[in-house]
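Only one structure is covered here, and it is reproduced in the block below.
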Amino acid sequence: MNMITCNTSEEAAQVAAQLVIDRVNAKPDAILGLPTGGTPLGMYAALAKAVREKRVDLSAVTTFNLDEYCGLPVSHPESYLTFMTRNFYAPCGLAAAQTHIPDGEAADPDAEALAYDNAIRAIGGIDLQVLGIGHNGHIGFNEPGTPPDARTHSVLLTEQTRRANARFFASLDEVPTRAITMGIATILEARELLLLANGADKADILAAALRGPVTPDNPASFLQGHPRLTVIADRAAGARIVS
Ligand code: PGA
(Lines give C-alpha, C1' and ligand atoms only; values in the text may rest on other atoms or scores of the structure.)
Protein backbone atom coordinates (compact mmCIF):
# COMPACT_ATOMS: atom_id res chain seq x y z
CA MET A 1 0.00 0.00 0.00
CA ASN A 2 1.17 3.47 -0.84
CA MET A 3 -0.11 5.94 1.77
CA ILE A 4 0.04 9.63 0.92
CA THR A 5 -1.00 12.11 3.62
CA CYS A 6 -1.51 15.70 2.47
CA ASN A 7 -1.70 18.85 4.54
CA THR A 8 -5.12 19.86 3.20
CA SER A 9 -7.99 18.35 1.25
CA GLU A 10 -7.15 20.77 -1.58
CA GLU A 11 -3.64 19.34 -1.80
CA ALA A 12 -5.06 15.80 -1.61
CA ALA A 13 -7.33 16.61 -4.56
CA GLN A 14 -4.35 17.84 -6.62
CA VAL A 15 -2.31 14.74 -5.81
CA ALA A 16 -5.24 12.45 -6.65
CA ALA A 17 -5.88 14.27 -9.94
CA GLN A 18 -2.20 14.02 -10.84
CA LEU A 19 -2.24 10.25 -10.28
CA VAL A 20 -5.22 9.95 -12.65
CA ILE A 21 -3.50 12.25 -15.17
CA ASP A 22 -0.33 10.17 -15.04
CA ARG A 23 -2.24 6.93 -15.63
CA VAL A 24 -4.24 8.39 -18.53
CA ASN A 25 -1.15 9.92 -20.11
CA ALA A 26 0.48 6.49 -19.94
CA LYS A 27 -2.64 4.78 -21.32
CA PRO A 28 -4.99 7.23 -23.10
CA ASP A 29 -7.74 4.63 -23.49
CA ALA A 30 -7.68 3.72 -19.78
CA ILE A 31 -10.81 2.30 -18.17
CA LEU A 32 -11.54 4.41 -15.08
CA GLY A 33 -13.84 3.46 -12.21
CA LEU A 34 -15.24 6.57 -10.54
CA PRO A 35 -17.00 7.55 -7.31
CA THR A 36 -19.53 10.19 -6.34
CA GLY A 37 -19.76 11.96 -2.98
CA GLY A 38 -18.18 15.04 -1.50
CA THR A 39 -14.66 13.61 -1.36
CA PRO A 40 -13.82 13.43 -5.09
CA LEU A 41 -15.17 16.89 -5.97
CA GLY A 42 -11.76 18.57 -5.68
CA MET A 43 -10.16 15.88 -7.81
CA TYR A 44 -12.82 16.31 -10.50
CA ALA A 45 -12.32 20.09 -10.51
CA ALA A 46 -8.55 19.61 -10.83
CA LEU A 47 -9.05 17.15 -13.70
CA ALA A 48 -11.33 19.57 -15.52
CA LYS A 49 -8.67 22.27 -15.16
CA ALA A 50 -6.03 19.88 -16.49
CA VAL A 51 -8.23 19.13 -19.51
CA ARG A 52 -8.68 22.85 -20.20
CA GLU A 53 -4.94 23.38 -19.91
CA LYS A 54 -4.32 20.38 -22.19
CA ARG A 55 -2.25 18.55 -19.56
CA VAL A 56 -4.42 15.47 -20.11
CA ASP A 57 -6.70 14.24 -22.87
CA LEU A 58 -9.71 12.26 -21.63
CA SER A 59 -11.26 11.79 -25.07
CA ALA A 60 -10.33 8.11 -25.27
CA VAL A 61 -11.03 6.99 -21.70
CA THR A 62 -14.04 4.93 -20.71
CA THR A 63 -15.60 5.41 -17.28
CA PHE A 64 -17.71 3.17 -15.06
CA ASN A 65 -19.25 4.65 -11.94
CA LEU A 66 -19.46 2.71 -8.73
CA ASP A 67 -23.14 3.08 -8.03
CA GLU A 68 -26.48 4.76 -8.58
CA TYR A 69 -29.62 5.24 -6.53
CA CYS A 70 -32.71 3.26 -7.43
CA GLY A 71 -36.11 4.88 -7.54
CA LEU A 72 -34.83 8.36 -8.31
CA PRO A 73 -35.46 9.79 -11.77
CA VAL A 74 -32.07 9.95 -13.50
CA SER A 75 -32.86 13.61 -14.21
CA HIS A 76 -33.11 14.32 -10.44
CA PRO A 77 -30.39 16.82 -9.40
CA GLU A 78 -28.99 14.29 -6.91
CA SER A 79 -28.98 11.22 -9.11
CA TYR A 80 -25.41 10.09 -9.57
CA LEU A 81 -25.76 10.50 -13.33
CA THR A 82 -26.65 14.15 -12.79
CA PHE A 83 -23.83 14.51 -10.25
CA MET A 84 -21.28 13.08 -12.67
CA THR A 85 -22.58 15.14 -15.59
CA ARG A 86 -22.34 18.33 -13.52
CA ASN A 87 -18.97 17.66 -11.88
CA PHE A 88 -17.05 15.57 -14.37
CA TYR A 89 -18.55 14.57 -17.72
CA ALA A 90 -19.56 18.09 -18.83
CA PRO A 91 -16.53 20.00 -17.44
CA CYS A 92 -14.18 17.41 -18.98
CA GLY A 93 -16.06 17.15 -22.28
CA LEU A 94 -16.79 13.43 -22.03
CA ALA A 95 -19.28 12.01 -24.53
CA ALA A 96 -22.16 9.90 -23.24
CA ALA A 97 -20.81 6.87 -25.09
CA GLN A 98 -17.63 7.00 -22.96
CA THR A 99 -19.42 6.93 -19.64
CA HIS A 100 -21.29 4.20 -17.79
CA ILE A 101 -23.38 4.31 -14.66
CA PRO A 102 -25.94 1.76 -13.47
CA ASP A 103 -29.48 2.58 -14.59
CA GLY A 104 -31.29 3.28 -11.33
CA GLU A 105 -34.60 3.39 -13.18
CA ALA A 106 -34.22 -0.14 -14.58
CA ALA A 107 -37.40 -2.19 -14.11
CA ASP A 108 -35.27 -5.12 -12.95
CA PRO A 109 -32.34 -3.80 -10.84
CA ASP A 110 -30.79 -7.27 -10.48
CA ALA A 111 -30.73 -7.76 -14.25
CA GLU A 112 -29.27 -4.26 -14.63
CA ALA A 113 -26.58 -5.08 -12.05
CA LEU A 114 -25.63 -8.26 -13.88
CA ALA A 115 -25.49 -6.47 -17.23
CA TYR A 116 -23.30 -3.74 -15.70
CA ASP A 117 -20.90 -6.27 -14.23
CA ASN A 118 -20.74 -8.08 -17.57
CA ALA A 119 -20.02 -4.81 -19.38
CA ILE A 120 -17.01 -4.22 -17.11
CA ARG A 121 -15.72 -7.72 -17.80
CA ALA A 122 -16.37 -7.40 -21.54
CA ILE A 123 -14.24 -4.29 -21.81
CA GLY A 124 -11.37 -6.09 -20.07
CA GLY A 125 -11.75 -4.76 -16.54
CA ILE A 126 -11.00 -1.48 -14.85
CA ASP A 127 -7.47 -0.04 -14.94
CA LEU A 128 -7.86 2.46 -12.11
CA GLN A 129 -10.73 2.45 -9.64
CA VAL A 130 -11.11 5.57 -7.52
CA LEU A 131 -12.99 5.14 -4.23
CA GLY A 132 -14.27 7.11 -1.28
CA ILE A 133 -15.03 5.55 2.10
CA GLY A 134 -18.27 5.85 4.04
CA HIS A 135 -18.40 6.47 7.78
CA ASN A 136 -19.35 2.82 8.21
CA GLY A 137 -16.56 1.62 5.92
CA HIS A 138 -18.72 1.18 2.85
CA ILE A 139 -17.07 1.32 -0.58
CA GLY A 140 -19.51 2.09 -3.34
CA PHE A 141 -22.71 1.11 -1.58
CA ASN A 142 -21.25 -2.12 -0.21
CA GLU A 143 -22.55 -1.72 3.31
CA PRO A 144 -21.18 -3.60 6.36
CA GLY A 145 -21.98 -7.29 6.06
CA THR A 146 -21.39 -7.42 2.30
CA PRO A 147 -19.30 -10.51 1.45
CA PRO A 148 -16.05 -10.02 -0.47
CA ASP A 149 -17.25 -12.17 -3.36
CA ALA A 150 -20.19 -9.84 -4.10
CA ARG A 151 -20.42 -8.69 -7.69
CA THR A 152 -22.50 -5.74 -8.91
CA HIS A 153 -25.85 -6.01 -7.15
CA SER A 154 -28.80 -4.05 -5.81
CA VAL A 155 -28.71 -3.12 -2.13
CA LEU A 156 -30.80 -1.64 0.65
CA LEU A 157 -29.02 1.41 2.04
CA THR A 158 -28.34 1.57 5.77
CA GLU A 159 -29.93 4.27 7.86
CA GLN A 160 -26.45 5.71 8.53
CA THR A 161 -25.73 6.04 4.83
CA ARG A 162 -29.12 7.61 4.13
CA ARG A 163 -28.56 10.11 6.96
CA ALA A 164 -25.06 10.94 5.66
CA ASN A 165 -26.48 11.59 2.19
CA ALA A 166 -29.54 13.51 3.43
CA ARG A 167 -27.43 16.69 3.27
CA PHE A 168 -27.89 16.61 -0.50
CA PHE A 169 -31.71 16.28 -0.30
CA ALA A 170 -34.52 18.44 1.07
CA SER A 171 -35.26 15.82 3.74
CA LEU A 172 -34.27 12.32 4.87
CA ASP A 173 -37.53 11.00 3.40
CA GLU A 174 -36.35 11.99 -0.07
CA VAL A 175 -33.14 9.91 0.16
CA PRO A 176 -33.62 6.68 -1.79
CA THR A 177 -33.62 3.42 0.15
CA ARG A 178 -32.09 1.28 -2.59
CA ALA A 179 -29.14 1.45 -4.97
CA ILE A 180 -27.17 -0.58 -7.48
CA THR A 181 -23.48 -0.87 -6.65
CA MET A 182 -20.41 -2.54 -8.04
CA GLY A 183 -19.66 -5.41 -5.67
CA ILE A 184 -16.54 -5.79 -3.57
CA ALA A 185 -15.22 -8.50 -5.91
CA THR A 186 -15.84 -6.25 -8.91
CA ILE A 187 -13.95 -3.42 -7.21
CA LEU A 188 -11.04 -5.64 -6.15
CA GLU A 189 -10.60 -6.87 -9.73
CA ALA A 190 -9.52 -3.39 -10.82
CA ARG A 191 -5.83 -3.41 -11.65
CA GLU A 192 -5.18 -0.40 -9.43
CA LEU A 193 -7.14 1.22 -6.60
CA LEU A 194 -7.05 4.81 -5.36
CA LEU A 195 -8.82 5.40 -2.04
CA LEU A 196 -9.56 9.00 -1.05
CA ALA A 197 -10.52 10.23 2.42
CA ASN A 198 -10.79 13.70 3.89
CA GLY A 199 -11.77 15.09 7.27
CA ALA A 200 -11.52 14.11 10.92
CA ASP A 201 -14.86 12.28 10.69
CA LYS A 202 -13.16 9.67 8.47
CA ALA A 203 -10.07 9.17 10.66
CA ASP A 204 -11.32 6.24 12.76
CA ILE A 205 -12.94 4.27 9.95
CA LEU A 206 -9.94 4.82 7.64
CA ALA A 207 -7.48 3.59 10.28
CA ALA A 208 -9.69 0.57 11.02
CA ALA A 209 -9.97 -0.20 7.30
CA LEU A 210 -6.23 -0.03 6.66
CA ARG A 211 -4.77 -1.33 9.93
CA GLY A 212 -7.58 -3.32 11.52
CA PRO A 213 -8.86 -6.82 10.81
CA VAL A 214 -10.12 -7.67 7.32
CA THR A 215 -13.83 -8.14 7.94
CA PRO A 216 -17.22 -7.63 6.25
CA ASP A 217 -18.00 -5.35 9.23
CA ASN A 218 -15.75 -2.80 7.53
CA PRO A 219 -15.99 -3.41 3.77
CA ALA A 220 -13.07 -1.07 3.01
CA SER A 221 -10.81 -3.43 4.97
CA PHE A 222 -10.93 -5.79 1.97
CA LEU A 223 -8.81 -3.25 0.12
CA GLN A 224 -5.87 -4.34 2.26
CA GLY A 225 -5.58 -7.45 0.08
CA HIS A 226 -5.16 -5.51 -3.15
CA PRO A 227 -1.65 -5.55 -4.64
CA ARG A 228 -1.77 -1.99 -5.97
CA LEU A 229 -3.54 0.34 -3.56
CA THR A 230 -2.79 4.04 -3.11
CA VAL A 231 -4.48 5.91 -0.29
CA ILE A 232 -4.59 9.72 -0.42
CA ALA A 233 -5.85 11.35 2.76
CA ASP A 234 -5.74 14.82 4.18
CA ARG A 235 -4.01 15.21 7.54
CA ALA A 236 -7.28 15.02 9.48
CA ALA A 237 -8.43 11.77 7.88
CA GLY A 238 -4.97 10.22 8.17
CA ALA A 239 -4.49 11.20 11.80
CA ARG A 240 -5.27 7.80 13.36
CA ILE A 241 -3.11 5.71 11.07
CA VAL A 242 0.03 4.51 12.79
CA SER A 243 2.70 3.26 10.45
P1 PGA B 1 -18.36 11.32 0.87
O2 PGA B 1 -18.92 9.85 0.70
O3 PGA B 1 -17.27 11.46 -0.12
O4 PGA B 1 -19.53 12.20 0.56
O5 PGA B 1 -17.88 11.43 2.29
C6 PGA B 1 -18.03 8.80 0.66
C7 PGA B 1 -18.79 7.51 0.56
O8 PGA B 1 -19.89 7.42 1.14
O9 PGA B 1 -18.30 6.57 -0.08
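First listed ligand is number 1; within each ligand, the first listed atom is number 1.
- Remark: distances from the non-hydrogen atoms of Lys202 to ligand 1 include one below 4.0 Å.
- Judged by distance alone, the side chains of Glu143 and Thr161 do bring a donor and an acceptor atom under 3.5 Å apart.
- Those atoms of ligand 1 that come under 4.0 Å of a heavy atom in Gly37, given as number and element, are 3 (O), 4 (O).
- Ligand-side atoms of ligand 1 in range of His138: 7 (C), 8 (O), 9 (O), range being under 4.0 angstrom from any heavy atom.
- Residue Ile133 approaches ligand 1 through these ligand atoms, each under 4.0 Å from one of its heavy atoms: 6 (C), 7 (C), 9 (O).
- Under the 4.5 Å side-chain heavy-atom criterion for Ile, Leu, Val, Met, Phe, Trp and Tyr, Leu66 and Phe141 are members of distinct hydrophobic clusters.
- Near Gly38, meaning under 4.0 Å from any of its heavy atoms, are these atoms of ligand 1: 1 (P), 3 (O), 4 (O).
- With respect to Arg23 and Asp127, no salt bridge is recorded, no charged nitrogen being found less than 4.0 Å from a carboxylate O.
- Of the protein's heavy atoms, Thr39 OG1, 2.4 Å lies nearest to atom 3 (O) of ligand 1.
- Thr8 and Asp234 form no side-chain donor-acceptor contact under 3.5 Å, judged by distance and modelled atom types alone.
- Ligand 1 lies within reach of Arg167, whose nearest heavy atom is under 4.0 Å from it.
- Taking the six-membered ring for Trp and thresholds of 30 and 60 degrees, Tyr44 and Phe83 have ring planes more than 60 degrees apart, a perpendicular arrangement.
- Note: Phe64 and His100 have parallel aromatic rings, judged against thresholds of 30 and 60 degrees for the angle between ring planes.
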